[in-house]
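Below, chain A is the first sequence line, B the second, and so on; all start at residue 1.
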Protein chains: 2
Amino acid sequence: MNSFQPTEQRLAVTCRRYPAFPREPAVLVRLVKHIYKRVHDDANALLKPWGIGHPEYNILMMMYGTEGYTLNPSQLADAAGEKSANITRLTNQLCDKGLIERTASDEDRRKVTLTLSKAGLAMIEAFLPAVCALLERQTTGLKPAEAAQLERLLKKFLDQLEQD
Amino acid sequence: MNSFQPTEQRLAVTCRRYPAFPREPAVLVRLVKHIYKRVHDDANALLKPWGIGHPEYNILMMMYGTEGYTLNPSQLADAAGEKSANITRLTNQLCDKGLIERTASDEDRRKVTLTLSKAGLAMIEAFLPAVCALLERQTTGLKPAEAAQLERLLKKFLDQLEQD
DNA sequence: TGTAGATAGTACATATGTGTACTAAATCCA
DNA sequence: TGGATTTAGTACACATATGTACTATCTACA
C-alpha cells in the first residue's frame, strides 16, 4: 500500500463517471508528479545542512558538469530546466553565498558569465558522497535492466511532449 | 534532438569528474523533473481560459473522482499530493470562485467538509473534453504496452522512494 | 552607415509552495 | 473524571516560481 492509492482510486471513479477519460495517460502524469515531489523533498532534506535547496543544487551541479565550470544564464536555464527569470534569482543567491562568480562577457556584452568558485567546488565535493548515497538508495528497487527500460520510456514520453 | 540533451551531457561530464556518481539514478530523476515541468506548463496553458491553474484543477478532479463529490482537507492533501497548508489556500480560492463549498462536519467538529458545487461540476464537464484530448496527445508516442510498462516501472520507483 | 528587429539578462509584481506555530476538538488512560 | 497527547485545520511568514515589461546590446540588411 503506497501513497498513490488514493489518487489512483479517484481516477478509476473518474473513468466510470466520464468514460472518455483516458486512464493511462492520467495515471502516468500523476505518478510523475508524485515521484517528482518526493525526490524534491528528499533532496531538500539532505541539502539542508549545507544551507542550499534543491534548485540551487541543480545549478551548482550543472556548472560542475560543464567544461571550465563556466556557462551563462541562458545555457543554465536550459540545462537546469528552470525559466530564465528564475535563474537570475538563484544565481544571485549563489553569488551572495560566494559559491559562484558573475562577470560580464567581453565578446558579447549582453552576456554574463557564471563560474563556479573555489568555495562552490569545495561544497560540491563535500556533499557529493551523501548525494550519491541518496541516489543509489532511491533506485535500489529497480534492477539495472528495469532502470534502463524506464529511462528509455521516459525519454520517449518527453520526446512526445515536445512534439509541437 | 530534445531539451534533455544539455542536461544529459552535463551528467556525463559529472561522471567523468566524480566516478562514484551514479549516472542512471541521476538521469531518471532529471527526466522526471523535465517531464513534470512540461506537463504542468501544458496543463496551465490549457486551463487558462477557465481561470484556474493546474493545482486547482487537480483538486477539482480529485473531488470529481470521489463518491458524493465530498471529502475533507486532509484526504484532499493525500489525493492531490499537496501539503495541507497548501490545501487551505487552494480551497479558499475555489470557494471564492464558487466551485466548491465548505461546511463544518457534525460528527467530528475538528473536520471540515468540502463539496463540489453545481458550478464546479459544470466547469469540470466543460473542460474535460479538452483535457482528455491533451492527455491523449501527450501519450501518443507510447504504444499501449509501453505505457503499461512505464506505469509499472514508475510505481516500482515510487514504492522504493517511500521505503523508510 | 543607420535603423528595424532579434537576443541576453534582469526587475518587479504576482502566483504558488512550505515550515512553523497555533487553536480547537477528539482520544487516551491513570 | 480530568489532564496529557494526538489530530484536523488554519494563519502567517517566508521561500520559490513565473509572466511581463524593460534595458542594453548585437545582427541584418537597405
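- Each end of the helix from C:dT1-D:dA30 to C:dA30-D:dT1 gets its own axis, taken as the rotation carrying the C1' atoms of four end pairs onto the next four within a five-pair window, and the two axes meet at 10° to the nearest 10 degrees.
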| query | What string of B, S and - do you get for nucleotides 5-13 of chain C, 5' to 3', when a contact is any protein heavy atom under 4.0 Å? | reply | --BSSBB--
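- Distance CG/B:Leu90 to CG/B:Leu60: 10.0 Å, rounded to 0.5 Å.
- Neither side chain, A:Gln160 nor B:Thr139, offers a donor N or O lying under 3.5 Å from an acceptor on the other.
- The distance from atom CD of B:Gln93 to atom C1' of C:dT14 is 12 Å, rounded to the nearest whole Å.
- Ion pairing of A:Asp41 with A:Lys37 is absent here, as no side-chain N (NZ or NE/NH1/NH2) approaches a carboxylate O to less than 4.0 Å.
- Rounded to whole Å, the distance from CD1 on A:Ile59 to P on D:dA15 is 17 Å.
- Here C:dG17 presents its P atom at 19 Å from CZ of A:Arg38, a figure rounded to the nearest Å.
- Put simply, CG on B:Asp78 is 14 Å from P on D:dT7, counting in whole angstrom units.
- Annotation: side-chain contact (heavy atoms from CB on, under 4.5 Å) contacts of B:Val27 (sequence neighbours excluded): A:Glu151, B:Phe4, B:Leu11, B:Arg23, B:Leu31.
- Ring centroid separation for the pair B:Tyr57 and B:Phe127 comes in under the 6.0 Å cut-off.
- Atom CG of B:Asn44 and atom P of C:dT14 are 19 Å apart (whole Å).
- Atoms CG (B:Asn86) and C1' (C:dG19) sit 12 Å apart, rounded to a whole Å.
- Distance, B:Leu76 CG to D:dG9 C1': 13 Å, rounded to whole Å.
- Side chains of A:Arg10 and B:Thr66: a donor-acceptor N/O pair is present below 3.5 angstrom, by distance only.
- A side-chain donor-acceptor contact under 3.5 Å links A:Thr70 and A:Thr115.
- Between B:Pro6 and A:Ala79, the closest heavy-atom pair is CB-CA, 4.2 Å.
- Rounded to an integer number of Å, the gap from A:Arg89 CZ to D:dA15 P is 11 Å.
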| field | Steps toward salt bridge (Lys or Arg N to Asp or Glu O under 4.0 Å) verdict (B:Arg89, B:Glu56) | value | CA-CA 10 Å; B:Arg89 180 177 48 83; B:Glu56 289 167 299; over 6 Å; no
